[in-house]
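Below: the structure, in structure tokens.
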Amino acid sequence: MKSKFIVVEGLDGSGKTTICNYIKKIFEIFNIKIIITREPGGTPLNEKIRHIIKKKNKNEIISDKAELLMFYALRAQSLEYVIKPSLKKGLCVISDRHDLSTYAYQGYNIKNKKIIKKISSYVLDKVKPDITLFLDIDPKISINRIIKRGKLDRIEKKSLKFFTKVRKRYLKIIKKDKKKIKIINTNKSIHKVKKEIKILLLKWLLKNIK
Ligand SMILES: Nc1ncnc2c1ncn2[C@@H]1O[C@H](COP(=O)(O)OP(=O)(O)O)[C@@H](O)[C@H]1O
Ligand SMILES: Cc1cn([C@H]2C[C@H](O)[C@@H](COP(=O)(O)OP(=O)(O)O)O2)c(=O)[nH]c1=O
């Protein structure tokens, strides 16, 4: 099978990390070699910067422009040293978040959407996910899940209003690309979510084995 690039997207606490691990397990049953990466993160340098981006700094606020460019700097690094080389080696890659996250999250403050598009096309350089799973969750439920999970980071501390807008932004973008972005409702039990994802992915794999 040709290598595949799979992206899992969604609000904080929607279940992405849980589902990335589950997808890896499904692929491994079929002896398909697959790696998981994440954004922000994926390389040693990116993991260090991930920590800085997520942490709240009382003395210095990260500006909207700097935040946008930081996410793209990390994405460029991840593409160059993780995603592209892995796909070239014939491995499948699952990324816990990717470009859609920037459109949805930074799109909240960056009013000039054309700028995001320009930077995105420069950084991605035509690398596109074969399929994106958007884990759709009611922001009230996702906030409860992240509170239960533990200490909140800088972005997770944002309000219900913020996450409601981010979700709307995700859905607006997805409407334009329904063929490659699949919506999975994750308000339900993890057992039901996993079952739905397994069926969807097996169907997709059967269609795309070449
Ligand atoms: N469908 C679900 N129902 C209930 N709890 C869930 C579900 N999916 C994930 N969780 C739990 O919610 C928390 C957030 O899940 P996680 O996979 O870390 O989400 P994300 O990576 O999107 O932030 C974790 O504690 C996880 O065990
Ligand atoms: C990749 C990316 C992440 N983010 C945010 C979303 C998350 O709040 C944070 C990454 O934290 P992370 O812990 O990876 O996400 P989650 O809480 O969903 O498991 O960075 C952006 O704002 N823009 C981006 O482009």
Side-chain angles (χ1 to χ4, degrees), residues 6-25 36-43 46-56 61-79 82-83 94-110 113 115-117 119-120 123-124 129 132-160 162-167 169-170 173 183-198:
I6 299 156
V7 171
V8 180
E9 283 281 357
L11 294 182
D12 301 66
S14 55
K16 296 179 300 302
T17 308
T18 312
I19 291 306
C20 285
N21 292 324
Y22 179 65
I23 295 174
K24 187 166 187 272
K25 260 174 56 188
I36 299 180
T37 186
R38 65 175 177 182
E39 289 192 23
T43 75
N46 280 6
E47 289 295 326
K48 278 189 199 164
I49 303 175
R50 171 187 166 91
H51 182 68
I52 296 168
I53 295 183
K54 280 169 68 92
K55 215 174 146 205
K56 189 159 187 158
I61 294 167
I62 302 178
S63 77
D64 295 340
K65 284 181 188 165
E67 186 176 87
L68 175 75
L69 293 170
M70 276 187 206
F71 281 117
Y72 274 114
L74 267 58
R75 186 158 305 134
Q77 193 73 356
S78 168
L79 277 160
V82 181
I83 301 172
I94 313 174
S95 186
D96 187 334
R97 294 194 183 278
H98 188 57
D99 205 41
L100 198 54
S101 282
T102 312
Y103 279 90
Y105 281 75
Q106 279 60 52
Y108 184 83
N109 288 322
I110 306 279
K113 303 291 179 288
I115 280 291
I116 305 189
K117 217 171 175 180
I119 304 171
S120 166
V123 170
L124 300 190
T132 297
L133 305 181
F134 172 65
L135 308 187
D136 190 23
I137 190 165
D138 176 340
K140 281 188 207 131
I141 300 180
S142 69
I143 288 174
N144 277 335
R145 283 191 196 158
I146 51 182
I147 291 171
K148 263 196 208 157
R149 187 174 58 185
K151 206 166 163 260
L152 304 194
D153 67 34
R154 180 178 65 88
I155 297 173
E156 286 166 352
K157 279 187 184 140
K158 296 201 187 240
S159 63
L160 176 63
F162 172 79
F163 288 110
T164 306
K165 281 225 172 144
V166 171
R167 175 173 176 263
R169 204 171 296 282
Y170 263 124
I173 306 162
I183 302 176
I184 290 110
N185 176 337
T186 58
N187 294 318
K188 49 200 177 199
S189 78
I190 190 66
H191 176 70
K192 283 188 181 157
V193 174
K194 282 181 175 174
K195 197 173 161 192
E196 186 177 337
I197 287 180
K198 191 174 182 179

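Order of listing sets the numbers, starting from 1, for every ligand and every atom in it.
Remark: ligand 2 atoms within the under-4.0 Å shell around heavy atoms of R149 are 17 (O), 19 (O). Distances below 4.0 Å separate heavy atoms of R75 from the following atoms of ligand 2: 1 (C), 25 (O). Close approach of ligand 2 to E39 is summarised as follows: ligand atoms under 4.0 Å from at least one heavy atom of the residue are 1 (C). Interface of K16 with ligand 2, defined as ligand atoms under 4.0 Å from a residue heavy atom, comprises 16 (P), 18 (O). Close contacts between ligand 2 and E156 involve ligand atoms 17 (O) [criterion: under 4.0 Å to a heavy atom]. In summary, the atoms of ligand 2 found under 4.0 Å from a heavy atom of T102, numbered by their order in the structure, are 24 (C), 25 (O).
Considering only residues two or more places apart in sequence or on other chains, N21 meets the side chain to side chain donor-acceptor pair (under 3.5 Å) condition with none of them. Listed by chain and residue number, nothing satisfies the side chain to side chain donor-acceptor pair (under 3.5 Å) test with T37 (two or more places apart in sequence, or in another chain). Every residue two or more places apart in sequence or in another chain was checked for a ring-ring contact (aromatic ring centres under 6.0 Å, His included) with F71, and none qualifies.
Between T17 and ligand 2, a contact under 3.5 Å exists for no N or O pair. Considering backbone and side-chain atoms alike, K54 places an N or O below 3.5 Å from some N or O of ligand 2. Considering backbone and side-chain N/O atoms, R97 comes within less than 3.5 Å of an N/O atom of ligand 2.
Heavy atoms of E9 found under 4.0 angstrom from ligand 2: none, in either backbone or side chain. Under 4.0 Å from ligand 2, not a single heavy atom of E67 appears. When non-hydrogen atoms are compared, ligand 2 lies under 4.0 Å from neither the backbone nor the side chain of R38.
From the protein, the heavy atom lying nearest to atom 4 (N) of ligand 2 is F71 CZ, 3.4 Å. P40 CD, 3.7 Å is the protein heavy atom nearest to atom 10 (C) of ligand 2. Counting protein heavy atoms only, atom 14 (O) of ligand 2 is closest to R50 NH1, 3.0 Å. In this structure, the protein non-hydrogen atom closest to atom 5 (C) of ligand 2 is I155 CD1, 3.5 Å. D12 OD2, 2.6 Å is the protein heavy atom nearest to atom 8 (O) of ligand 2.
One finds the OG1 atom of T17 at 8.5 Å from the CZ atom of R97 (value rounded to the nearest 0.5 Å). Remark: K194 NZ to T18 OG1 distance equals 7.0 Å, nearest 0.5 Å.
Using the six-membered ring where Trp is involved, Y170 and F134 have ring planes that are tilted, between 30° and 60° apart.
The shortest distance between side-chain heavy atoms of L124 and H98 falls below 4.5 Å. Put simply, the side chain of Y103 does not reach to within 4.5 Å of the side chain of K113, judged on heavy atoms. For the pair I19 and I190, the minimum side-chain heavy-atom distance is below 4.5 Å.
Residues S142 and R167 bring no donor and acceptor atom of their side chains to less than 3.5 Å of each other. With hydrogens and angles left out, the side-chain atoms of D99 and S120 include a donor and acceptor closer than 3.5 Å.
Heavy atoms from other residues, nucleotides or ligands lying under 6.0 Å from NZ of K158 number more than 12.
Remark: the backbone N or O of L160 is paired with a side-chain donor or acceptor of T164 at under 3.5 angstrom.
Using a 4.0 Å cut-off between a side-chain N of Lys or Arg and a carboxylate O of Asp or Glu, R145 and D138 do not qualify as a salt bridge. Salt-bridge formation is not detected for the pair K56/E156: no Lys NZ or Arg NE/NH1/NH2 atom is positioned less than 4.0 Å from an Asp or Glu carboxylate oxygen.
If you check each of Q106, H98, M70 against atom 22 (O) of ligand 2, the one with the closest non-hydrogen atom is Q106.
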When you pair each N or O of ligand 1 with protein N or O atoms, which pairs come out under 3.5 Å?
unit_1	atom_1	unit_2	atom_2	d
ligand 1	1 (N)	K188	O	2.9
ligand 1	1 (N)	I190	N	3.3
ligand 1	3 (N)	R145	NH2	3.2
ligand 1	17 (O)	T17	N	3.4
ligand 1	17 (O)	T18	N	3.0
ligand 1	17 (O)	T18	OG1	2.5
ligand 1	18 (O)	R149	NH1	2.9
ligand 1	19 (O)	G15	N	3.1
ligand 1	21 (O)	T17	N	2.9
ligand 1	21 (O)	T17	OG1	2.6
ligand 1	22 (O)	S14	N	3.2
ligand 1	22 (O)	G15	N	3.0
ligand 1	22 (O)	K16	N	2.8
ligand 1	22 (O)	K16	NZ	2.7
ligand 1	23 (O)	G13	N	2.9
ligand 1	23 (O)	R149	NH1	2.7

